[in-house]
Number of protein chains: 2
Amino acid sequence: MRKDELLNAAEELLAEQGAPCLTLSAVAERAGVSKGGLLYHFSTKEALVKGMIERLVADFDELVASQQESSYSRAYLAATFVAIRSGRLRRWAVVTGAAGDPGLLAPLREAMARWHREGMETESDPTAAQIVRLACEGLWDVTTHDPGFYGEAHYEELHRRLLALLASP
Amino acid sequence: MRKDELLNAAEELLAEQGAPCLTLSAVAERAGVSKGGLLYHFSTKEALVKGMIERLVADFDELVASQQESSYSRAYLAATFVAIRSGRLRRWAVVTGAAGDPGLLAPLREAMARWHREGMETESDPTAAQIVRLACEGLWDVTTHDPGFYGEAHYEELHRRLLALLASP
DNA sequence: AGAACTGTACCGTCCAGCCGGTATAGTAAC
DNA sequence: GTTACTATACCGGCTGGACGGTACAGTTCT
């Protein structure tokens, strides 16, 4: 859909140039659309950012759901590594775009709470599961600030050890 | 010093209202200073943000160094919990202020790399140490988005388990 | 015929940075 | 001891430019 292309353009702009450069004209130009065309789909800038946030959450939820793992923690872990290794580090970028507007950030906050609570009651070692999910979050942070910090071998080793944390008593 | 008060005002503004509200006049007003007075100390907005970033990094380094622990990982862990429980969650706020300017973010990136590498060669289980530090980062993330997510008991349990991760072979 | 645009022109607002001016304090000459 | 000078700290108004949003007439696709 055309809306997705517009959201992609906005995301790319955020990731490459940062929040101050996320202007309606810049997004339109990047998507190969006139400003009027952009405003046809997203009638305000707020709507555009809201669209980005919602898609971000929905996409990650979908990615977690598509992992064939025996627990939510395992699926979340696997999804994190898939997303991070894909190189599409939209998370941070998108969030900076919404910074300052608590209303826009709310859906993300809710998603965050969900990601760190879901399936916790069936976990045999909830604290270990929490640590694993926190480490996932930390991985986002580090990778976004410095995409080359971890090598492929590092990722594999980390994934292995985090999985082991979930398995052991 | 007066510069510190100005940086405090800027940080508070970022934390409470978000990056778009970080204007020179707003910072000046909050600090009880005219715009001209603010610009006397920080001649551009960029200098102001740079000042915030540098102080952020320096403060945390100092906090880590002041912890009396037997390894950098332990000190980093302890410092993280102290900082987070203090409620002064400047980290995220400050970073959003610098979003968009890679030059301003560079010092933070370097600090991040340092925080995740320092003392790693003397660690008996480097991967465990890495996981602990990643979990610290994740804790920042979660706590900033939702300050009330973890209770005091949670923090203690998490700290205990993360310490245990560093101890066991 | 209608949906999905394009292109242009325009308005009000906001903000960074600049600049001329002011107050205070130190200091040094005479 | 008062005059002259200098540096520091700060005031507040101004401006030029950019941005979000509106309006609307025309065009292409289906």
Side-chain angles (χ1 to χ4, degrees), chain A residues 1-55 93-107, chain B residues 1-55 93-107:
Chain A
M1 215 199 308
R2 200 53 179 269
K3 276 198 172 191
D4 267 313
E5 292 172 34
L6 294 169
L7 291 177
N8 287 343
E11 272 179 11
E12 288 161 21
L13 222 55
L14 271 179
E16 292 167 21
Q17 319 225 50
C21 297
L22 186 77
T23 69
L24 293 181
S25 347
V27 172
E29 189 183 356
R30 172 129 201 165
V33 165
S34 75
K35 194 175 155 185
L38 167 60
L39 281 151
Y40 177 79
H41 291 285
F42 298 98
S43 55
T44 75
K45 188 180 185 178
E46 195 176 313
L48 177 69
V49 177
K50 193 175 165 191
M52 279 198 287
I53 299 259
E54 279 166 5
R55 195 178 69 161
V94 169
V95 174
T96 61
D101 194 327
L104 288 173
L105 242 30
Chain B
M1 213 201 308
R2 201 53 178 269
K3 276 198 174 191
D4 267 312
E5 293 171 33
L6 294 169
L7 290 177
N8 288 342
E11 271 178 12
E12 287 161 22
L13 221 57
L14 272 178
E16 292 167 21
Q17 319 227 50
C21 297
L22 186 79
T23 70
L24 293 183
S25 358
V27 173
E29 189 184 357
R30 174 136 203 161
V33 166
S34 78
K35 206 165 135 185
L38 167 60
L39 272 120
Y40 175 78
H41 292 284
F42 297 98
S43 55
T44 74
K45 189 179 184 178
E46 193 176 315
L48 176 68
V49 177
K50 192 175 164 192
M52 280 198 285
I53 300 260
E54 279 167 3
R55 196 178 68 160
V94 169
V95 174
T96 61
D101 193 327
L104 288 175
L105 243 28

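Labels below follow one simple rule: chain letters A, B, ... track the order of the sequence lines, proteins then strands, and each chain is numbered from 1. These numbers come from the heavy atoms of this one structure, side chains and all, not from hydrogens, waters or symmetry mates.
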Practice problem: Nearest whole angstrom, please: distance from the C1' of D:dG21 to the CG of A:L48. | Solution: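 It is 14 Å, rounded to the nearest whole Å.
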Exercise. Send over the distance from A:F42 CZ to D:dG21 P, rounded to a whole Å.
Key: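 From A:F42 CZ to D:dG21 P: 13 Å.
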Quiz item: With a 4.5 Å heavy-atom cut-off, do A:L22 and A:V49 have their side chains touching?
Solution: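 With C-beta onward as the side chain, the pair touches.
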Quiz item: Can you check the B:K3 NZ to D:dT8 P distance for me, whole Å?
Solution: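 In whole Å, D:dT8 P lies 13 Å from B:K3 NZ.
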Quiz prompt | Pairwise side-chain contact, B:L14 with B:M52, heavy-atom cut-off 4.5 Å (strictly under) | solution =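 The answer is yes, as the side chains (C-beta and beyond) meet within the 4.5 Å cut-off.
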Quiz item: In whole angstroms, how far is the P atom of D:dC11 from the NE2 atom of B:H41?
Solution: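 In whole Å, D:dC11 P and B:H41 NE2 are 9 Å from each other.
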Quiz item: Can you tell me if the side-chain N/O atoms of B:Y40 get under 4.0 Å from OP1 or OP2 in D:dA9?
Solution: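 Checking B:Y40 against D:dA9: at least one side-chain N or O falls below 4.0 Å of OP1 or OP2.
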Exercise. Can you check whether any acceptor in the base of D:dG13 is under 3.5 Å from a donor in the side chain of B:K35, or vice versa?
Key: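 Per atom types, no contact qualifies.
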Self-check item: Touch class at under 4.0 angstrom, heavy-atom based, for B:L38 against every strand present
Solution: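 The answer is nothing, as B:L38 stays clear of every strand by at least 4.0 Å.
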Quiz prompt | Nearest-nucleotide comparison on DNA chain D, the residue closer to the 5′ end among A:P20 and A:G36 | solution =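 This one resolves to A:P20.
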Quiz item: Any side-chain heavy-atom pair from B:L7 and B:F42 closer than 4.5 angstrom?
Solution: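 The answer is yes; the side chains approach within 4.5 Å.
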Quiz item: Is A:L22 touching bases, backbone alone, or none of the nucleic acid, heavy atoms closer than 4.0 Å?
Solution: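 Sugar-phosphate, no base atom in range.
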Quiz item: How about B:V94 and B:R55: do any of their side-chain heavy atoms sit closer than 4.5 Å?
Solution: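 B:V94 vs B:R55: side chains apart.
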Quiz item: Between atom NZ of A:K50 and atom CG of A:D101, what is the distance when rounded to the nearest 0.5 Å?
Solution: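 The CG atom of A:D101 is 10.5 Å from NZ of A:K50, to the nearest 0.5 Å.
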Quiz item: When you list every nucleotide of DNA chain C with an atom under 4.0 Å from a heavy atom of chain B, which one comes first 5' to 3', and which comes last?
Solution: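 First-to-last contact on DNA chain C, by the 4.0 Å heavy-atom rule, is C:dC15 to C:dG17.
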Self-check item: Minimal non-hydrogen separation, B:L105 against B:A98, with atom names
Solution: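 Reported closest heavy-atom pair: CD1-CB, 3.5 Å.
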